[in-house]
Amino acid sequence: MVRVRFAPSPTGYLHLGGARTAIFNWLFARHHGGRFILRIEDTDRSRSTQESIQEILEAMRWLGLDWDEGPYRQTERMEIYRREVQKLLEEGKAYYCYCTPEELEERRKKALEEGRMPKYDGRCRERRGPREGVNPVVRLKVDQEGETVIQDLIKGEVVYPNSQLDDFILLRSDGTPTYNFVVVVDDALMGITHVIRGDDHLNNTPKQIQLYRALGYEPPRFAHVPMILGPDRARLSKRHGATSVLAYREDGYLPEALFNFLVRLGWSHGDQEIFSREELIRYFSLEHVGKSPAVYNPDKLLWLNAHYIKTGDTQRLARLLTPFLSKEGLIQEGEEPDPDWLCRVVETLKERARTLKEMAQMAAFYFREPQGYDPKGEKKFLKPQVLPYLEGLVQELEALEDFSEGEIEEAFNRVIARFNIKLKHLAQPCRVALTGKTVSPGIYEIISVMGKEKALSRLKKAIQHVRKKERSEALSH
RNA sequence: GGUCCCAUCGUCUAGCCCGGUUAGGACACCGGCCUCUCACGUCGGCGGCAGGGGUUCAAAUCCCCUUGGGACCGCCA
């Protein structure tokens with residue numbers, strides 16, 4: 001049975017790279033009918049926070065990454081780690097080291113200056129007895145001869161000279177275990193079959209393999225996925241913009257869009273770009289994960305998001321849109337617009353908005369009168385010549401019982417026939433009058449959704465506006 | 001500095017393992033069509049095998065070197 005895990009350290013939010021690793025693990029588990037385990041790597045107590053944990057779990061839930069076991073927390077498993085260290089110590093595979101951090105730092109600096117590799121020299125291996133006033137760390141006796149070979153499921157065979165390895169620390173002087181130790185113990189004891197993680201860990205793998213052997217456990221299969229890079233080809237970080245998964249929710253992205261985007265970054269299935277979750281589970285395999293790092297491309301994410309909005313369920317979108325409406329100040333906090341009406345609003349905006357945030361901004365005119373007219377639009381379309389057309393339209397609309405799109409279209413047709421003008425000569429002035437802008441969804445649909453009362457009052461207001469302007473201009477001449 | 005990883009349009013990638021394609025798709029960009037504006041849609045265009053050596057009748061594909069990029073070398077994970 002396939003058992004995989006996602007093991008974030010709670011020292012910050014879940015970022016895009018971590019999310020993609022989680023997604024690959026989740027997909028691999030679901031594809032193989034295995035188990036997806038969540039483990040919190042919080043051995044660094046000074047940097048781990050409860051808020052981080054909550055934020056990570058929230059982000060995973062949002063992305064729909066459900067876990068089958070956990071979340072385990074390493075801080076709750078200290079007894080296990082102590083027991084494993086004890087075992088190593090008794091078997092002579094690990095030893096106490098009394099070198100102080102200062103001494104190590106000193107030697108590291110010197111080595112770097114002399115162009116040597118900065119690694120621990122193993123001087124405490126043969127040491128007998130403690131040193132006065134120093135709390136020791138525990139180090140693993142690492143084999144420095146020969147080489148370690150990794151059969152990586154993504155990178156292929158990686159050969160690593162053991163001379164690069166040093167006796168790394170298992171237990172800190174305060175008795176807490178380090179990452180390279182707990183990760184091995186946990187993966188072994190939790191029966192992890194495939195370790196799928198970022199390739200920044202590839203260099204850790206040889207020492208971890210040695211530790212598996214020292215502990216007497218069979219190493220799992222490894223799959224190291226390439227990093228996600230920023231546009232400058234440096235590892236993606238905060239300075240490249242939003243990297244927190246939840247920030248994308250705030251910005252109006254749909255989880256399925258981010259999910260699709262992240263999977264497709266580094267993995268492919270022929271020429272297909274859009275995948276449902278079911279397809280992803282069916283098609284996903286490590287063989288088609290690329291070996292090279294991928295540059296994050298926000299435009300493509302935006303395109304995918306637009307696609308999922310366009311094709312998404314209207315009722316769901318309406319529900320998701322509501323908080324964005326209140327963020328835009330269009331409705332009160334906690335206010336719920338009529339669901340049927342909001343669905344009509346969304347229908348008109350679905351294929352235009354790329355994010356929910358954009359959609360809320362585009363919807364503004366449905367909720368409040370134009371705050372003045374777009375200057376260019378006013379100059380071009382709200383001029384005295386159009387007054388008869390707009391007045392004619394007001395008459396026609398007032399007479400309508402049924403304010404449906406079809407009826408409104410017929411009303412427009414009667415007006416343009418009467419004045420023998422083209423539709424755009426009526427539609428554009430009308431659009432500016434109703435929305436204050438020169439762009440909007442189709443004119444019939446917005447009038448219908450807006451309703452008779454709002455539409456007529458705005459049209460009349462625009463007519464008044466044009467008249468007033470006309471008078472003041474006449475006076476000044 | 002050492003070790004490891006990587007290299008197809010600006011970006012994500014198919015093709016590479018098993019040599020023979022006008023090197024395919026998508027985003028972005030540009031243009032046409034559609035049209036009440038914008039968008040959607042649709043049609044078309046621009047644009048790439050990092051460089052150099054081999055092997056071969058034939059190399060994006062196999063081998064070597066160079067260059068470039070990334071990661072790691074912590075009492076961080």
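Reminder, nothing fancy here: chain letters follow the sequence lines and each chain counts from 1.
The ring-ring contact (aromatic ring centres under 6.0 Å, His included) search around Tyr120(A) returns none, not counting sequence neighbours. In this structure, Arg221(A) has no side-chain hydrogen bond (donor to acceptor under 3.5 Å, both in side chains) partners at least two apart in sequence or on a different chain. Taking the side-chain contact (heavy atoms from CB on, under 4.5 Å) definition, one finds that His15(A) meets it with Tyr13(A), Thr243(A), sequence neighbours left out. In this view, Lys300(A) and Phe261(A), Glu273(A), Asn297(A), Trp303(A) satisfy the side-chain contact (heavy atoms from CB on, under 4.5 Å) rule, not counting sequence neighbours. For Phe381(A), there are no ring-ring contact (aromatic ring centres under 6.0 Å, His included) partners two or more places apart in sequence or in a different chain. Under the side-chain hydrogen bond (donor to acceptor under 3.5 Å, both in side chains) criterion, Asn135(A) pairs with no residue at all, not counting sequence neighbours. Residues satisfying the side-chain hydrogen bond (donor to acceptor under 3.5 Å, both in side chains) test with Glu391(A), not counting sequence neighbours, are Arg467(A). In this structure Phe403(A) satisfies the ring-ring contact (aromatic ring centres under 6.0 Å, His included) test with no other residue, sequence neighbours excluded.
Using a 4.0 Å heavy-atom cutoff across all strands shown, Ser292(A) reaches sugar-phosphate atoms only and no base atom. Within the 4.0 angstrom heavy-atom criterion, no nucleotide atom of any strand lies near Gly377(A). Pro8(A) comes within 4.0 angstrom of no nucleic acid atom, judged by non-hydrogen atoms across all strands. Residue contacts for Val159(A): at a heavy-atom cut-off of 4.0 Å it reaches the sugar-phosphate backbone alone, with no base atom in range. Residue-level contact check: Ile443(A) touches the bases, meaning some heavy atom is under 4.0 Å from a base atom. Thr43(A) comes within 4.0 angstrom of the backbone, heavy atoms only, and of no base.
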Would you tabulate the nitrogen or oxygen pairs shorter than 3.5 Å linking the protein to nucleotides 30-35 of chain B?
none

Polar atom pairs (N or O), protein with nucleotides 23-25 of chain B, under 3.5 Å:
from	atom 1	to	atom 2	distance (Å)
G24(B)	N2	Asp271(A)	OD1	2.7
G25(B)	N2	Glu273(A)	OE2	2.8

Summarise how protein sits on nucleotides 65-75 of chain B as a single string, 5' to 3': B when a protein heavy atom is under 4.0 Å from the base, S for sugar-phosphate-only contact, - for no contact. -----SBSSSB

For residues 416-426 of chain A, which side-chain donor-acceptor pairs fall under 3.5 Å, sequence neighbours excluded?
from	atom 1	to	atom 2	distance (Å)
His425(A)	ND1	Lys422(A)	N	3.4

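Looking at heavy atoms from C-beta onward, Leu65(A) lies out of side-chain contact with Leu38(A) at the 4.5 angstrom threshold.
Residue Arg352(A) places no side-chain atom within donor-acceptor reach of the base of C40(B), judged by atom type and a 3.5 Å distance cut-off alone.
Of the side-chain N and O atoms in Ser268(A), one or more sit less than 4.0 angstrom from OP1 or OP2 of A14(B).
Between Tyr179(A) and His201(A), the ring-plane angle classifies as tilted under the 30° and 60° cut-offs.
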